[in-house]
Amino acid sequence: MIVFQNLSRIIIPSKREYIDNIISKIVSEINNLYLKIVEYESGGNLDILGNLGFGLSLSIDEALKNAIEHGNGNDERKLVQMEYYIDSQKIQINVRDEGKGFNYKELINPTPGAEKGRGLMLIKNFMDEVTWNETGSEIIMIKLKKTPVRTGGTA
């Protein structure tokens with residue numbers, strides 16, 4: 001059996017102006033790699049990809065903004081590290097800042113229009129699993145491969 005995997009890492013200074021360009025390149029790379037893996041391992045059945053683009057972009061955007069603003073306090077001397085791991089079952093994205101972290105166990109569910117917590121709410125809606133490291137300075141977001149929906153015909 002052949003197993004395809006890819007692990008990539010990017011490190012950026014805490015500057016929000018880098019985010020759009022980085023997200024565009026990373027999401028494109030993730031989609032291309034995942035497409036190749038799924039196409040090979042599924043025999044060409046690409047229905048399991050679903051729509052990775054928008055939700056993935058938004059989740060990465062929110063995680064990077066939180067790391068820069070809340071984690072690193074917009075201190076351009078501090079770095080944000082993002083790793084993404086791809087295999088045939090999932091896409092995992094880790095975003096880590098150099099801040100002291102936060103108590104993720106005390107997260108509240110924001111209400112519509114709330115000023116805080118919307119980014120994490122969006123991430124939780126688009127990703128299948130969201131966890132943090134012990135200190136709360138790293139978010140781990142996982143998008144699982146979807147099983148194709150079978151349509152038409154009867155068995």
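Just so you know, these numbers use all the heavy atoms, side chains as well, and skip hydrogens, waters and symmetry mates.
Residues satisfying the side chain to side chain contact (heavy atoms under 4.5 Å, CB included) criterion with A63, sequence neighbours excluded, are V95, I123, I139, M141. Legend: residues meeting side chain to side chain contact (heavy atoms under 4.5 Å, CB included) with E98, ordered by chain and number and at least two apart, are N72, K78, L79. Scanning for salt bridge (charged side-chain N to carboxylate O under 4.0 Å, His left out) contacts around K15 gives E76, with sequence neighbours left out. The side-chain hydrogen bond (donor to acceptor under 3.5 Å, both in side chains) check on E62 picks up nothing, with sequence neighbours excluded. Partners of N103 according to the side chain to side chain contact (heavy atoms under 4.5 Å, CB included) rule, which considers only residues two or more places apart in sequence or in another chain, are K105, E106. In this structure, Y18 has no ring-ring contact (aromatic ring centres under 6.0 Å, His included) partners at least two apart in sequence or on a different chain. D75 meets the side-chain hydrogen bond (donor to acceptor under 3.5 Å, both in side chains) test with R77; sequence neighbours excluded. Among residues two or more places apart in sequence or in another chain, the ring-ring contact (aromatic ring centres under 6.0 Å, His included) test is passed with F126 by F54. Listed by chain and number, the residues in a side-chain hydrogen bond (donor to acceptor under 3.5 Å, both in side chains) with K65 are D61 (sequence neighbours excluded). In terms of the salt bridge (charged side-chain N to carboxylate O under 4.0 Å, His left out) criterion, E29 has no residue partners (sequence neighbours excluded). By the side chain to side chain contact (heavy atoms under 4.5 Å, CB included) test, R9 pairs with I11, Q81, E83, sequence neighbours left out.
Side-chain atoms of I140 and W132, non-hydrogen and from C-beta on, never get closer than 4.5 Å to each other. When side chains are defined from C-beta on, I93 counts as touching M82, because their heavy atoms get closer than 4.5 Å. At a threshold of 4.5 Å between non-hydrogen side-chain atoms, the residues N74 and I68 count as touching. Looking at heavy atoms from C-beta onward, I86 lies out of side-chain contact with L7 at the 4.5 angstrom threshold. For the pair Q92/N94, a side-chain contact is recorded, criterion being any heavy-atom separation below 4.5 Å from C-beta on.
Rounded to the nearest 0.5 angstrom, I12 CD1 and I19 CD1 are separated by 6.0 Å. Summarising the geometry, atom CD1 belonging to I91 is positioned 6.0 Å from atom CD1 belonging to I30; distances are rounded to the nearest 0.5 Å. Interatomic distance, CG of L64 versus OG of S14, reported as 10.0 Å (0.5 Å rounding). Rounding to the nearest 0.5 angstrom, the gap separating the OG atom in S8 from the CD1 atom in I26 is 8.5 Å. Taken to the nearest 0.5 Å, the OH atom of Y84 stands 8.5 Å off from the CD1 atom of I60.
Counting all heavy atoms, side chain and backbone alike, S57 lies closest to V27 at OG-CG2, 3.4 Å. Smallest separation of non-hydrogen atoms from G99 and S137: O-CB, 3.9 Å.
Not one N or O on the side chain of N66 forms a donor-acceptor pair closer than 3.5 Å with the backbone of H70. In this structure, S59 contributes its side chain and G55 its backbone to a donor-acceptor pair below 3.5 Å.
The salt bridge (Lys or Arg N to Asp or Glu O under 4.0 Å) contacts involving residues 129-139 comprise R96-E138, where partners must be two or more places apart or lie in separate chains.
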